[in-house]
Amino acid sequence: MRHTISVTVENKSGVLARVAGLFSGRGFNIESLSVGETLDPTISRMTIVTRGDDRIIEQVIKQLRKLIDVIKVSDLTGTSFVERELILIKVKARESGRAEILRINDIFRGKIVDVSPATFTFLVTGDQDKTEAFIRLVRPFGILEIVRTGKVAIAREV
Amino acid sequence: MQMSGAQILVQALKDEDVQIMFGYPGGVLLDFYNALFGSGLRHVMTRHEQAAAHAADGYARATGRVGVCMATSGPGATNLVTGITTAYMDSIPMVALTGQVASYMIGGDAFQEADIIGITRPVTKHSYLVRKTEDIPQIIREAFYIASTGRPGPVVVDLPKDILSGKGKYLRPEKVEIRGYRPSVNGHKGQIKRVLSELRKCKKPVIYAGGGIIISGATRELVLFAERNKIPVTTTLLGLGGFPGDHPLFMGMLGMHGTYQANMAIHSSDLLLAIGARFDDRVTGNVSKFAPEAKVVHIDIDPSAISKNVAVHLPVVGDIREILSNLNAQQEDEEPVWNEIRESWLERVAYWGQEKPLDYDRTSSSIKPQHVIERLSELCPDDTIITTEVGQNQMWTAQFFRFRHPRTLLSSGGLGTMGYGFPAAMGAQFAFPDRLVVDIAGDGSIQMNIQELATVAQHNLPVKILILNNCFLGMVRQWQELFYEARYSSTCLASNPNFVKIAEAYGVKGILIDRKEDVDAGLVEMMKHKGPVVVNCLVDREEGVFPMVPAGAATNEMIFGSRKKQEKKLRAVK
Ligand SMILES: Cc1ncc(C[n+]2csc(CCOP(=O)(O)OP(=O)(O)O)c2C)c(N)n1
């Protein structure tokens, strides 16, 4: 099962390598990982999306907690949280398809960030279902390139 | 007062109460070695950095204190890696100091530059690249704290040349506080209560104790707990000595070369109390068939050890000694549960012990390695420290030497590092100059760090090396015999050197034992000699370690000898 894990870490060089090394060294997979500074500049937050059965996820969390530079680990999956991903996607825009692509973009409330005679570049944000759906719908037109931030997530206030 | 980084480092190490360190100099460490000179901080130069790491490890295992080793940048640092990994796998407190090229040169493939932090990241508990001279005191303080608390382990501190030569002030930090590191000590009260209630219900309990018993110093508490509840005890290789080897409740080691008794007891048990152990595959064999009928209680300080390999029903996370004394205290005013069913369990366990005890051919005219170890065990003083190399020598030692006290067996369990035993023995001997320290070695392993004869000769360090010489990489040969039609590919060591002459060339006493009737005399001569000794003991070349749980089999599927040899024996009888 897919899990979204939120990790606060010391904002120091080498910490990302420790986290990434832990995943590769122990054979855990990372679907996406995003990092950024928090309000406290000495702390960064990582949002890691990983996949595994309960036993593996339990190990992932415990092994993360074991790292000295890791301050707090929470598994957001199963709790109430908001997640977003941002994608930039460059799509072929042939005469015949242009109107249709723009309509799809409208429905997804995407932004056009670049246009060329033969391409559109869209910016779409949303939870993973939404971004995946957008990609699926524009794929038939021909996707030239995708850049994704990976998921960021935040717990809801209850 | 302004001091150089090197001077600050020396002072910081002294303030951590470092009694001795093991190392090897090099270009980027010239400032450090200069500051060391005449500082009063004891430093032993080994002849290879790997040996410095193992010596620090041996010192740590023998004393319970943090072992310290040092190596220069590049090749010096990479030579430490096996030693650091060995310590990591067995949870040994160690601080490894490495020199590094100057900060401004890092990343430029400078002469003798190696990214040792990157290389050792997966095999250290933590590591530091020092970026400012003033940070040295804080980092050293943290390094020792992290290495020695919680589940201990090695910490690497990488020190660039300009940091050591730069100037700064030394102020020892008052205390260490690391927000991401707060090891739990006391076990959860509710969980401890649940352990007690499981104890009341069970009929066939077994204690499986690991190295954690020794690390936390919980021998007394364990003995009390086992005695009060009359639970038979088995230990892992690293747990040997953590429970007295001559105790009536002791079943010997479990696992691949464990005793029939211990493995059968585990296999039939209904309550397995795993204490400071980690369900290594050499212990469990086929995990899915390990202790198939048992509820598993796991007491350990490392939460990530819980349910890693085997599903645990009742975890208790914390310091083992704390938890055991808590359990003992709660049982104080409670009549221990006792009934006939439990009585018959102990009888059954005792029966397994008699049915198939550890054994070998005692009538053979050749020197059986097991015999040598048994004799050493009987002849040597009670507080003798034994180290081992890896292979058959290690397993026979675990089986036939009777370890009565914690910290008397130092052996590389997790990593299985050939070449560990001799330098580890040096570390232990430096810690305890008056005790007998013996490295039980194989003729293959000893050649992996044999250069340290120069170190023991230099210090007249009375380490004894007892080579069980079978002119084979014995353990590998045994597997070839059992599972690869005795095709002895790259395991024959017929071209071994003359070990007695090697010893003598280094100025060390050499003794040859080549007849069974000379074993006792040879061992006594070895023990009596005041300085270092190498004993070359020519043992039966094709002796095997049994019983054996073949890799991937269940622990009750033991084999007791090689089929070929058994058939030969049968034919002889006919
Ligand atoms: C550094 C290292 N290399 C290889 C091995 C694999 N290995 C395990 S036991 C063994 C043979 C050891 O031979 P020896 O030291 O002569 O001991 P014996 O088994 O004969 O007692 C080998 C090669 C190892 N454990 N460590």
Side-chain angles (χ1 to χ4, degrees), chain A residues 1 3 5-30 33 35-48 50-75 78, chain B residues 85 88 91 103 106-107 115-132 135 138-139 142-143 145-147 149-158 176-184 278-279 287 298 300-312 315 317:
Chain A
M1 187 180 150
H3 282 247
I5 297 172
S6 181
V7 188
T8 50
V9 300
E10 297 289 344
N11 186 6
K12 288 186 196 157
S13 77
V15 178
L16 180 59
R18 284 184 207 283
V19 171
L22 187 159
F23 276 79
S24 63
R26 294 196 179 261
F28 306 143
N29 76 67
I30 301 184
L33 185 156
V35 207
E37 211 171 275
T38 62
L39 264 184
D40 176 349
T42 68
I43 297 178
S44 298
R45 179 179 299 280
M46 295 186 181
T47 307
I48 302 173
T50 179
R51 225 177 233 288
D53 59 24
D54 290 353
R55 202 179 63 88
I56 290 177
I57 298 297
E58 186 183 328
Q59 269 298 309
V60 167
I61 292 170
K62 284 174 170 174
Q63 294 293 346
L64 280 168
R65 287 198 177 124
K66 220 165 122 171
L67 296 178
I68 309 286
D69 286 332
V70 166
I71 301 164
K72 190 160 185 270
V73 183
S74 21
D75 184 1
Chain B
T85 313
Y88 180 73
S91 311
S103 325
I106 289 179
D115 173 13
I116 197 65
I117 297 290
I119 290 169
T120 59
R121 197 176 290 121
V123 295
T124 46
K125 187 169 170 187
H126 197 50
S127 50
Y128 295 89
L129 170 62
V130 186
R131 291 167 187 284
K132 286 195 292 246
D135 290 348
Q138 179 72 33
I139 287 176
E142 288 185 15
Y145 174 70
I146 290 171
T149 52
R151 178 175 177 174
V155 177
V156 166
V157 180
D158 200 20
V176 202
E177 225 166 302
I178 304 165
R179 53 187 165 185
Y181 180 66
R182 293 202 180 86
S184 43
R278 60 185 180 85
F279 298 88
V287 227
H298 193 181
D300 203 284
I301 196 150
D302 178 4
S304 76
I306 308 277
S307 291
K308 184 169 67 184
N309 301 332
V310 165
V312 170
V317 175

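Given the structure is predicted, the values throughout are model-derived calculations rather than measurements. Labels below follow one simple rule: chain letters A, B, ... track the order of the sequence lines, proteins then strands, and each chain is numbered from 1.
Interface remark: A:L67 contributes backbone atoms only to the contact with chain B (heavy atom separation under 4.5 Å). Residue contact with chain B, scored on non-hydrogen atoms closer than 4.5 Å, involves the side chain of A:S13 exclusively. Heavy atoms of A:R18 lying under 4.5 Å from chain B belong to its backbone as well as its side chain.
Taken from CD1 in A:I48 to CG in A:N29, the straight-line distance is 11.5 Å, to the nearest 0.5 Å.
Note on B:D302 versus A:K66: salt bridge recorded, some NZ/NE/NH1/NH2 to OD/OE distance being below 4.0 Å.
Judged purely by atom type and a 3.5 angstrom limit, A:T8 has no side-chain atom pairing as donor or acceptor with the backbone of A:I71.
Here A:A17 is the residue among A:S24, A:G25, A:A17, A:G21 with the most heavy-atom pairs under 4.5 Å with chain B. The greatest number of non-hydrogen atom pairs below 4.5 Å with chain B, out of A:I61, A:I68, A:V9, is found for A:I68. Listed options B:K125, B:R151, B:R179, B:R121 were ranked by heavy-atom pairs under 4.5 angstrom with chain A; first place goes to B:R179. Per-residue counts of heavy-atom pairs under 4.5 Å with chain A were compared for B:I306, B:I178, B:L129, B:I117; the largest is that of B:I306.
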For this session: Test B:Y145 against B:V155 for side-chain contact (heavy atoms from CB on, under 4.5 Å), laying out the working first.
Result: CA-CA 10 Å; B:Y145 174 70; B:V155 177; over 6 Å; no
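A:R45 and A:T38 share no side-chain donor-acceptor pair at under 3.5 Å. With no hydrogens or angles considered, a side-chain donor-acceptor pair links B:Y128 and B:E142 at under 3.5 Å.
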